[in-house]
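All residue numbers refer to positions in the sequence shown, counting from 1.
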Amino acid sequence: MTSNKRLYLDIHAIQTLPPSNINRDDTGSPKTALYGGVRRARVSSQAWKRAIRKYFNDFGEQSNVGIRTLRIVRYVADKIQEEDPAISDKEAMDLAEKTLNAAKISTKDQKAKALFFMGDLQAKNLAKAAIEGISDKQALQAILKSNPAVDIALFGRMVADDPSLNEDASSQVAHAISTHGVDTEFDFYTAMDDLSEEDSAGAGMLGTIEFNSSTLYRYANVSLHEFMRQVGNVESAASSMELFAEAFANSLPTGKINSYANTTLPQLLLIVLREDRPVNLVSAFEKPVKDGEGYVEESMKRLGKELEKTQRFVREPLAKLYVTTEESSEVLQGEFGQDCHSLENLKGQLGTILKEAMVNLREDA
C-alpha cells in the first residue's frame, strides 16, 4: 500500500554580495532577469547546484556522493583497480568500457558520449560486477539504479541512451534574484609590464570586466517523501538534509572570485517543513526594495510578512527554524519560528525533527 502523506522542506536565504560577477552569460556579463518590471541580478540554479555538489565532495562526511563526467570509463576503471590491484590499467579500462556498454551507456574513445552522473557506491558495485564477468543488461542497470548518491537523488540524472536509467530529482532550486533593481557596472583595468623600457608609456594590457552588487533572495525545496524513497532509510535521509542545509548556506559559485573576493555568507537562513506543498516566497520582492540604508533588513522584513501572508492559502507548517546575523528584534517581526542562533544548532534541530517526521511517513506507507 502506498501512503498519500507528503513532506516538503523549504529553504530560504537572504544573502548580500559586494561587487562581483559570480555567474556570467556568454558575453561575460553578470546574469540578470526582469521581475516586477525591474532588472534584477540573477544567479542560475545550475551554478548554485554545482557549488552545492562541490561542497558535498569537499566537506561532507558521506562518502556516497556523485561524479558527473565524460571520463566515466576512467572512473570505473579506477574502482576496478582498487578492488583488484593485479589488473593492469589497460585491462581495467577495457573491462570498464565493456561493462558500461553492456549497461547501454554509449562510449567513444573510452569516454562517455554525454556527461554521466554516477555515485561512489554505484561505481564500486559496477567494478565488482565487471571483475565477476557480469554482462547482463538488467543486472548492470539494477546496480546503476540502486544506492543513488545524495546529489543524484537531489538533483536527478538524465541518460539519453536509456531513459530507464533516469533518476527524478527530489529537489528544486530556484534562480537567485536580487530583492531590488540593479545596474551593471564596468571595471576598467590596466596591467603594467614590469620589464618595460623606462621611457615606455602606457600599459601592457587593458580591458573591462562587468559586475554588479546585490542582496539576493535564494530558495530551494526538497520533496522529502521522494528523497527518503530514493535513499532508503531515515538516518541517511536526515543526515543528508543536514548536509544540504549546510551546503546551501555555505556554498558559493566561484565566477571571478579572485578578482572580487566576494566570499559572503547569508544574513538569514530559514527552513520551513510542510505537509501540503512547497512555497517559494519570491513574491515578497515583486515590488523591489527601494534604496535606503541598505537592502538586507527590509528584505528580511518583507520575507517575514510574506511568510505570514501565505498562511491564508496553505496549512500551518510543521516546523520553522532560522539563523540570522541580525540582532535587532525589529527586523524579525515576521513569523520566522525558532531562532537556532547558529547553523550547527539548526542542523541538530532539523535532524531531530526530520527523523520523527520521516518515521511517521514510513509507518503510514
Query raised in the report: Considering residues at least two apart in sequence or located in another chain, which fulfil the side-chain hydrogen bond (donor to acceptor under 3.5 Å, both in side chains) criterion with D136?
Result: none
Query raised in the report: Between K98 and D94, is the closest basic N to carboxylate O distance under 4.0 Å?
Result: no
Query - F244 side chain near V150 side chain, heavy-atom distance below 4.5 Å - result: no
Report task. Of all the heavy-atom pairs spanning A357 and L7, show the shortest one and how long it is. Result -> CB-CD2, 3.7 Å
Report summary line: Those residues at least two apart in sequence (or on a different chain) that pass ring-ring contact (aromatic ring centres under 6.0 Å, His included) with F116 are none
Query raised in the report: Counting N and O atoms only, with roles assigned by atom type, does the side chain of S170 sit under 3.5 Å from a partner on the main chain of A153, one being a donor and the other an acceptor?
Result: yes
**Report entry** NZ/K320: more than 12 non-hydrogen atoms of other groups inside 6.0 Å
**Finding:** yes
Requested in this report: Could you check R53 against R50 for side-chain contact (heavy atoms from CB on, under 4.5 Å), going step by step and ending with a plain yes or no?
Outcome: CA-CA 5 Å; R53 286 187 53 242; R50 166 65 178 163; 3.8 Å; yes
Query raised in the report: For D10, what residues pass the side-chain contact (heavy atoms from CB on, under 4.5 Å) criterion, not counting sequence neighbours?
Result: H12, Y219, N221, V272, R274, P278, V279
Requested in this report: Just jot down the ring-ring contact (aromatic ring centres under 6.0 Å, His included) partners of Y55, sequence neighbours excluded, or say none.
Outcome: F59
Report task. Give a yes or no answer on whether the side chain of Q267 reaches the backbone of L265 with a donor-acceptor pair at less than 3.5 Å. Result -> yes
Requested in this report: Determine yes or no for a side-chain-to-main-chain donor-acceptor pair under 3.5 angstrom, with E275 supplying the side chain and L318 the backbone.
Outcome: no
Query raised in the report: What's the shortest heavy-atom distance between R74 and D89, and which atoms?
Result: NH2-OD1, 2.6 Å
Query raised in the report: Within the distance-only criterion (no hydrogens, no angle test), does the side chain of S214 pair as donor or acceptor with the backbone N or O of L216 below 3.5 angstrom?
Result: no
**Report entry** Within-4.5 Å side-chain heavy-atom neighbours: N212 and D183
**Finding:** no
Query raised in the report: With the threshold set at 4.0 Å, does a side-chain nitrogen-carboxylate oxygen contact exist between R229 and E226?
Result: yes
Query raised in the report: Any donor-acceptor pair under 3.5 Å linking the side chain of N147 with the backbone of I143?
Result: no
Query raised in the report: With hydrophobic residues grouped by side-chain heavy-atom distances under 4.5 Å, do I52 and M118 end up in a single group?
Result: no
Query - Smallest separation among heavy atoms of A238 and K355, with atom names - result: CB-CG, 3.7 Å
Query raised in the report: For atom CG of D168, is the number of surrounding heavy atoms from other residues, nucleotides or ligands below 6.0 Å larger than 12?
Result: no
Report task. Answer with yes or no whether the hydrophobic clustering places L100 together with I134; edges join I, L, V, M, F, W, Y residues whose side-chain heavy atoms lie under 4.5 Å apart. Result -> yes
Show every donor-acceptor pair shorter than 3.5 Å between a side-chain atom in residues 309-316 and any protein atom, with sequence neighbours excluded, or say none if there are none.
| from | atom 1 | to | atom 2 | distance (Å) |
| --- | --- | --- | --- | --- |
| T310 | OG1 | L307 | O | 2.7 |
| Q311 | NE2 | R315 | O | 3.2 |
| Q311 | NE2 | E316 | OE1 | 3.3 |

Report task. Taking W48 for its side chain and A174 for its backbone only, find out whether a donor-acceptor pair lies under 3.5 Å. Result -> no
Report task. To the nearest 0.5 Å, tell me how far I67 CD1 sits from D151 CG. Result -> 8.0 Å
Query raised in the report: Do E185 and P19 have side chains that get closer than 4.5 Å, going by heavy atoms?
Result: no
Query raised in the report: Which distance, rounded to the nearest 0.5 Å, do you find between the NZ of K256 and the CG of N262?
Result: 12.0 Å
Query raised in the report: E246: what forms a salt bridge (Lys or Arg N to Asp or Glu O under 4.0 Å) with it, not counting sequence neighbours?
Result: K347
Query raised in the report: Would you say the side-chain atoms of D84 pair up with the backbone N or O of I80, donor to acceptor, closer than 3.5 Å?
Result: no
Query raised in the report: When clusters are formed by joining ILVMFWY residues with side-chain heavy atoms under 4.5 Å apart, either directly or through shared neighbours, do V231 and L350 land in the same one?
Result: yes
Query raised in the report: What's the verdict on side-chain contact (heavy atoms from CB on, under 4.5 Å) for L343 and N250, showing C-alpha distance, side-chain angles and the deciding distance?
Result: CA-CA 10 Å; L343 180 59; N250 288 338; 3.7 Å; yes
Query raised in the report: Does the ring of F248 carry R218 above it, NZ/CZ under 6.0 angstrom from centre and within 45° of its axis?
Result: yes
Report task. Could you tell me which non-hydrogen atom of T184 sits nearest to which non-hydrogen atom of P30, and how far apart they are? Result -> CG2-CD, 4.0 Å
Report summary line: Heavy-atom nearest pair, P163 first then A160, reads CD-O, 4.2 Å
Query - Heavy-atom side-chain contact between V234 and M228 under 4.5 Å - result: yes
**Report entry** G348 backbone acceptor or donor facing E242 side chain under 3.5 Å
**Finding:** no
Report summary line: Rounded to the nearest 0.5 Å, the CG atom of L144 sits from the NZ atom of K104 at a distance of 13.5 Å
Query raised in the report: By ring-ring contact (aromatic ring centres under 6.0 Å, His included), which residues pair with Y8, not counting sequence neighbours?
Result: H225
Query - Nonpolar side-chain network containing I209, other nodes, edges under 4.5 Å - result: Y189, M205, F211, Y260
Report task. Step by step, work out the side-chain contact (heavy atoms from CB on, under 4.5 Å) result for I271 and L9. Result -> CA-CA 7 Å; I271 290 178; L9 182 144; 4.0 Å; yes
Report task. Consider only side-chain heavy atoms of I, L, V, M, F, W and Y, link residues closer than 4.5 Å, and tell whether V182 and V289 are in one cluster. Result -> no
Query raised in the report: What residues join I152 in its hydrophobic cluster, counting side-chain heavy atom gaps under 4.5 Å, either direct or through other members?
Result: F117
Report task. To the nearest 0.5 angstrom, please state how far the CG atom of L252 sits from the CD1 atom of I257. Result -> 5.0 Å
Query - Non-hydrogen side-chain atoms of I131 and I87 separated by less than 4.5 Å - result: yes
Query - M300 CE to Y217 OH distance, which is reported to the nearest 0.5 Å - result: 13.5 Å
Query raised in the report: Is it true that atom NZ of K145 has more than 12 heavy atoms of other residues, nucleotides or ligands lying nearer than 6.0 Å?
Result: yes
Report summary line: Tightest non-hydrogen contact, residues Y35 and S283, listed as OH-CA, 3.6 Å
Query raised in the report: What pairs with D58 under side-chain hydrogen bond (donor to acceptor under 3.5 Å, both in side chains), at least two apart in sequence or on another chain?
Result: K54
**Report entry** Residue among I105, L95, L126 satisfying side-chain contact (heavy atoms from CB on, under 4.5 Å) with V76
**Finding:** L126
Requested in this report: Step by step, work out the side-chain contact (heavy atoms from CB on, under 4.5 Å) result for M241 and V222.
Outcome: CA-CA 9 Å; M241 286 302 97; V222 181; 4.0 Å; yes
Requested in this report: Working to the nearest 0.5 Å, report the span between CD of E298 and CZ of F285.
Outcome: 9.0 Å
Query raised in the report: For residues 16-34, which residue pairs qualify under side-chain hydrogen bond (donor to acceptor under 3.5 Å, both in side chains), counting only residues two or more places apart or in two chains?
Result: T16-T215, N23-S44, D25-T27, T27-S29, S29-E210, T32-R39
Query raised in the report: Taking only residues two or more places apart in sequence, or in another chain, which ones meet K79 in a salt bridge (Lys or Arg N to Asp or Glu O under 4.0 Å)?
Result: D120
Requested in this report: Could you tell me whether a side-chain N or O of D187 sits under 3.5 Å from a main-chain N or O of T208, the two making a donor and an acceptor?
Outcome: no
Query raised in the report: Using a distance-only test with no angle check, is there a side-chain donor-acceptor pair under 3.5 angstrom linking N101 and T107?
Result: yes
Query raised in the report: For the side chain of Q338 and the backbone of L321, is there at least one donor-acceptor N/O pair under 3.5 Å apart?
Result: no
